[in-house]
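To start, the structure itself, in structure tokens.
Only heavy atoms go into these numbers, but all of them, side chains included; no hydrogens, no water, no symmetry mates. Since the structure is predicted, the reported quantities are computational estimates derived from the model, not experimental observations. Per chain, numbering begins at 1; letters A, B, ... match sequence-line order.
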There are 2 protein chains.
Amino acid sequence: MAGTTARRPLRADARRNYERILAAAQQAFAAHGADASLEGIARQAGVGSATLHRHFPSRRALLDAVFHDRVEALCARAQEHARASEPGAALFSWLRDFNAYAAASRGLVGSLLRDGRDTDLLQEDDDCKMMITTAADELLQQAQQAGAARPGIRTEDLLALVSAISLAAEDHDDDAQAGRLLDIAIEGLRPHRCEHPTSTRETFS
Amino acid sequence: MAGTTARRPLRADARRNYERILAAAQQAFAAHGADASLEGIARQAGVGSATLHRHFPSRRALLDAVFHDRVEALCARAQEHARASEPGAALFSWLRDFNAYAAASRGLVGSLLRDGRDTDLLQEDDDCKMMITTAADELLQQAQQAGAARPGIRTEDLLALVSAISLAAEDHDDDAQAGRLLDIAIEGLRPHRCEHPTSTRETFS
DNA sequence: ACACTAACCGGAGTACCACCCCATTTAGCA
DNA sequence: TGCTAAATGGGGTGGTACTCCGGTTAGTGT
């Protein structure tokens with residue numbers, strides 16, 4: 001199930017066009033945001049619009065493909081953080097990474113985290129969201145167990161919050177703002193220090 | 001300057017059409033979000049699309065007009081809160097009001113708070129954003145002076161954060177989520193209680 | 001080397017959309 | 001009641017997403 005890659009080797013010309021479209025889309029999304037013209041991407045790639053729509057049935061699918069590598073890298077960093085730092089620092093550092101990745105590739109968050117339920121068809125290849133959710137979930141749980149994050153927080157809310165922040169900063173094209181908003185959010189994720197003066201000190205070994 | 005209303009009495013039929021468009025837009029935005037078809041709104045209002053574009057040069061202008069009353073009411077509530085509660089509670093209650101208003105009228109936040117700098121023309125009648133900014137600024141400053149909110153926070157960031165939250169919850173159409181995210185954000189706005197044990201006690205009279 | 005077939009292509013077509021031009025209509029006033 | 005400036009909206013332009021289908025080509029079997 002979930003046969004995202006290579007159900008059959010794909011003919012040489014098809015693969016060539018696929019790559020061209022991907023390259024053009026990467027440029028276009030970077031230049032004009034996630035709602036760049038698909039028609040224009042096809043033109044730029046030197047293929048007919050039908051070809052684009054055949055390879056990528058929805059704009060969402062195209063964005064997914066374009067950002068797949070980046071998302072993979074981001075999730076890899078989550079594991080690095082988890083290995084290198086204590087749980088709280090790992091989570092918070094990763095959130096900043098998330099923000100940085102979002103700022104570096106416009107439209108990534110807006111399209112990847114935005115729920116796909118408005119599109120009538122179910123996303124079969126929604127790896128990106130899945131990957132990020134898994135990564136976030138692990139970091140959050142570990143942080144919560146270590147007492148570095150409030151226990152009430154849900155993974156979906158955490159992701160919604162940081163992606164909302166990245167999206168907002170993107171709209172205002174103010175990268176510094178994302179950092180400031182993230183500061184506030186992170187402060188809000190921390191446990192209330194004065195209310196539980198006992199349990200927040202030790203680090204579980 | 002800033003002649004937003006009635007530069008000349010406006011002919012009777014013009015005003016009639018203006019109102020019709022406004023009513024149709026209100027319905028359409030509620031039903032299909034802020035990116036409802038303007039063409040459709042004109043059709044629904046029984047006027048030509050040119051008439052719509054004459055009265056409202058940009059989608060933004062139409063949204064501004066549609067939500068003007070609601071924004072006014074929201075700002076009025078800010079003053080009520082300021083009068084009735086202590087500064088911190090006033091600010092936080094108002095943020096929840098903000099969220100509730102946003103949830104009640106889809107597209108309000110997304111369009112009103114989204115910076116207009118992508119549209120080439122300057123907004124001459126951007127009352128809504130101005131009004132909200134003013135209201136938020138006052139509540140925030142009072143809360144900060146009373147030590148109920150961290151001093152580093154900027155009004156623009158506060159608004160960006162809460163509107164991002166409302167927007168995110170709107171996208172997921174999950175009203176409860178907005179509340180949870182707001183909880184986190186508000187916690188992040190509060191001063192670090194343990195770090196400044198001295199100055200947070202007295203209330204400026 | 002060649003032919004055959006399924007995979008693949010892309011131009012042309014449909015159905016939307018925002019926005020504008022300008023000939024026509026109409027409200028308000030003398 | 002007649003005049004004129006204000007207001008109208010049909011229709012045009014140029015853009016978008018997405019689909020159909022006749023033609024082309026890659027890969028395979030012989």
Side-chain angles (χ1 to χ4, degrees), chain A residues 3 5-25 28-29 31-66 107 110-111 114 116 118-121 123, chain B residues 3 5-25 28-29 31-66 107 110-111 114 116 118-121 123:
Chain A
T5 48
R7 36 187 72 242
R8 202 116 50 97
L10 209 57
R11 234 170 68 175
D13 54 346
R15 168 148 295 275
R16 188 171 48 83
N17 282 335
Y18 182 95
E19 299 294 351
R20 280 190 191 174
I21 292 169
L22 221 51
F29 288 144
H32 311 111
D35 49 359
S37 158
L38 299 183
E39 208 79 12
I41 290 173
R43 218 176 302 128
Q44 166 89 12
V47 305
S49 61
T51 300
L52 186 148
H53 286 286
R54 198 174 315 110
H55 283 297
F56 305 99
S58 65
R59 156 175 260 108
R60 179 57 196 272
L62 181 53
L63 283 159
D64 235 44
V66 166
S111 48
R114 212 176 211 87
D118 43 17
T119 69
D120 34 348
L121 51 96
Q123 289 75 24
Chain B
T5 47
R7 39 186 74 242
R8 202 119 46 102
L10 208 59
R11 234 170 66 175
D13 54 346
R15 169 149 293 274
R16 187 170 49 81
N17 282 335
Y18 181 95
E19 299 294 349
R20 280 190 190 173
I21 292 169
L22 222 51
F29 288 143
H32 312 110
D35 49 358
S37 159
L38 299 183
E39 209 79 12
I41 291 174
R43 217 177 304 128
Q44 165 90 11
V47 305
S49 60
T51 300
L52 185 148
H53 286 285
R54 199 175 316 110
H55 282 297
F56 305 98
S58 65
R59 158 176 257 107
R60 180 57 196 273
L62 181 53
L63 284 158
D64 235 44
V66 166
S111 47
R114 212 176 211 89
D118 44 16
T119 70
D120 34 349
L121 51 95
Q123 289 76 24

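A distance of 9.5 Å separates CZ in A:Arg59 from CG in A:Leu52, rounded to the nearest 0.5 Å. Summarising the geometry, atom NE2 belonging to A:His55 is positioned 6.5 Å from atom CG belonging to A:Leu10; distances are rounded to the nearest 0.5 Å. The distance from atom NE2 of B:His53 to atom CD of B:Glu39, rounded to the nearest 0.5 Å, is 6.0 Å.
In summary, contact between chain A and DNA chain D, defined as any nucleotide atom under 4.0 Å from a heavy atom of the protein, begins and ends at D:dT16 to D:dG27 in the 5' to 3' direction.
Residues B:Ile41 and B:Phe29 meet the side-chain proximity criterion, which asks for heavy atoms closer than 4.5 Å. Residues B:Phe56 and B:Leu22 have side chains in contact (heavy-atom distance under 4.5 Å, counting atoms from C-beta outward).
Using a 4.0 Å heavy-atom distance criterion, B:Arg15 is classed as making no nucleic acid contact.
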Checklist outcome for this item: Protein-proximity profile, nucleotides 18-30 of chain C, B/S/- by nucleotide at the 4.0 Å heavy-atom cutoff, equals BBBB----BSS--
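A salt bridge is defined here as a Lys NZ or Arg NE, NH1 or NH2 lying under 4.0 Å from an Asp or Glu carboxylate O, and A:Arg15 with A:Glu19 meets this definition.
Nearest approach of B:Pro57 to B:Ala61, heavy atoms of both residues: CD-CB, 4.0 Å. Among all heavy-atom pairs drawn from B:Ser49 and B:Ala42, the shortest one is CA-CB, 3.9 Å.
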